[in-house]
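All remarks here apply to the structure that follows.
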There are 2 protein chains.
Amino acid sequence: MLERACRLLQSYNLRNTPQRRAILAILIESRGEHPDSEEIYRRLKANKTGKKVGRATVYRTLELFEKLGIVARLTLDGTPARYELILPERFVHHHLVCLKCGKLIELDDLAAKEFKNTVFRRKGFTVADKAMKIYGYCRDCQNAEQSGKSTAVIDASASIQ
Amino acid sequence: MLERACRLLQSYNLRNTPQRRAILAILIESRGEHPDSEEIYRRLKANKTGKKVGRATVYRTLELFEKLGIVARLTLDGTPARYELILPERFVHHHLVCLKCGKLIELDDLAAKEFKNTVFRRKGFTVADKAMKIYGYCRDCQNAEQSGKSTAVIDASASIQ
DNA sequence: GTTAGTGCAAACGTTTTGCAAGGTA
DNA sequence: TACCTTGCAAAACGTTTGCACTAAC
């Protein structure tokens with residue numbers, strides 16, 4: 001992973017700086033957690049051994065990594081963007097996003113493939129490999145959601161006020 | 001639609017103000033366009049016959065309508081939220097979101113149903129009726145996307161600089 | 001008259017940008 | 001040496017909030 005990134009940087013005359021290495025290291029060690037920019041920044045600061053890193057650099061680096069195809073940016077509603085490594089061996093990253101707890105669950109490609117074909121057939125729309133996000137409720141939150149469903153209108157009135 | 005909204009407001013002791021009526025009217029006349037808050041605000045200002053409406057009121061009204069189930073809020077990446085009426089007769093609103101031109105295409109429920117079942121079977125994840133968003137490339141943008149696909153890395157280097 | 005709703009402006013949190021200083025190749 | 005990259009601070013952006021005023025019921 002690290003070597004792959006180094007090669008990519010080199011091939012574009014981009015510099016292999018300690019900041020970029022540190023951010024990549026955090027992305028590697030937090031695989032599956034989908035940290036946001038603030039979380040990455042926090043971890044950089046916690047890491048006393050490394051150089052000082054500014055918030056702007058975090059954003060600029062993540063943007064760069066995204067362009068290089070090293071990192072995927074995930075956005076969910078109005079919340080801060082979250083980032084994850086793109087693993088070369090498993091290119092497709094569909095996500096199930098829990099509307100209650102915000103958890104991201106990765107969906108295997110197989111289930112998606114058939115659906116993508118259907119969408120293409122019906123609408124001429126090509127589903128992007130890395131960008132499919134499905135909103136709903138995860139197993140853990142499901143009971144709560146179902147009991148809340150029938151009282152949705154009452155919930156609305158409760159939150160007004 | 002208007003009557004339905006009036007009844008909803010009444011039933012919660014919420015007031016039927018000219019601002020709320022104006023915003024609802026815009027949502028009705030812009031069906032299928034998915035305007036964002038700024039676009040709604042702009043149309044309100046353009047409408048000289050109506051009262052003056054502040055930005056905050058637009059946000060507060062849209063939030064209220066969302067809670068009442070009149071309006072659905074759509075968020076796409078880092079772009080401003082977009083809004084659409086929820087039509088009672090067609091409750092489900094899956095969207096195909098074009099990553100290139102930003103167009104939203106509504107996906108009929110049938111194609112989605114089967115996929116939802118698969119997801120539930122495999123992951124115990126319940127896909128929310130109103131919140132499924134599928135990213136990809138619409139028919140119109142597709143040729144451009146395909147020719148760009150193979151040169152993705154070059155594109156990245158081009159936008160660096 | 002009561003209370004919900006409004007406009008304004010200021011605050012908010014995330015992200016982007018300008019710029020001079022610093023570090024990599 | 002060249003110029004990419006950084007940190008800082010300030011700005012930008014969409015959105016939310018506090019408050020005194022207004023208007024619906």
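Order of the sequence lines fixes the chain letters, A, B, ..., with proteins taken first and strands second; residue numbering starts at 1 for each chain. All values reported here derive from a predicted model rather than from experimental measurement.
Rounded to whole Å, atom C1' of C/dT3 lies 16 Å from atom CG of B/Leu9. Rounding to whole angstrom units, CD1 of residue A/Ile23 and C1' of D/dG7 are separated by 13 Å. For B/Arg20 and D/dA23, the CZ to P distance is 15 Å, given to the nearest whole Å. Between the CD atom of B/Gln10 and the C1' atom of C/dA4 there is a distance of 15 Å, rounded to whole Å. Atom CG of A/Leu68 is separated from atom C1' of D/dT5 by 14 Å (rounded to the nearest Å).
Here B/Gln19 reaches the OP1 or OP2 of C/dG7: one of its side-chain N or O atoms lies under 4.0 Å away.
Cluster membership for B/Leu62 and B/Leu85, using ILVMFWY side-chain heavy atoms within less than 4.5 angstrom, is shared. Both B/Leu14 and B/Leu24 sit in one connected hydrophobic cluster of ILVMFWY residues. Membership requires side-chain heavy atoms under 4.5 Å apart, directly or through other members.
The only option from B/Val71, B/Ile70, B/Leu9 that meets the side-chain contact (heavy atoms from CB on, under 4.5 Å) definition with B/Leu64 turns out to be B/Leu9.
The distance from atom OG1 of A/Thr61 to atom OH of A/Tyr83, rounded to the nearest 0.5 Å, is 10.5 Å.
A/Phe65 has its side chain within reach of A/Ile23: a pair of non-hydrogen atoms, C-beta onward, lies under 4.5 Å apart. Contact check for A/Ile40 versus A/Leu27: side-chain heavy atoms found under the 4.5 Å cut-off.
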Side chains of residues 50-60 of chain B: which donor-acceptor partners sit under 3.5 Å, not counting sequence neighbours?
unit_1: B/Arg55; atom_1: NH1; unit_2: B/Glu38; atom_2: OE1; d: 2.8
unit_1: B/Arg55; atom_1: NH1; unit_2: B/Glu38; atom_2: OE2; d: 3.0
unit_1: B/Tyr59; atom_1: OH; unit_2: B/Ser37; atom_2: OG; d: 3.3

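Here the shortest heavy-atom pairing between B/Phe125 and A/Ile105 reads CD1-CD1, 3.8 Å.
Contacts of B/Arg60 with the nucleic acid, taken as non-hydrogen atoms under 4.0 Å apart, include base atoms.
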Polar atom pairs (N or O), protein with nucleotides 21-25 of chain C, under 3.5 Å:
unit_1: C/dG23; atom_1: N2; unit_2: A/Arg15; atom_2: NH1; d: 2.4
unit_1: C/dT24; atom_1: O2; unit_2: A/Arg15; atom_2: NH1; d: 2.9

What N/O pairs connect the protein and nucleotides 11-16 of chain D at under 3.5 Å? Give each pair on its own line.
unit_1: D/dT15; atom_1: OP1; unit_2: B/Ala81; atom_2: N; d: 2.9
unit_1: D/dT15; atom_1: OP2; unit_2: B/Tyr59; atom_2: OH; d: 2.6
unit_1: D/dT15; atom_1: O5'; unit_2: B/Tyr59; atom_2: OH; d: 3.3

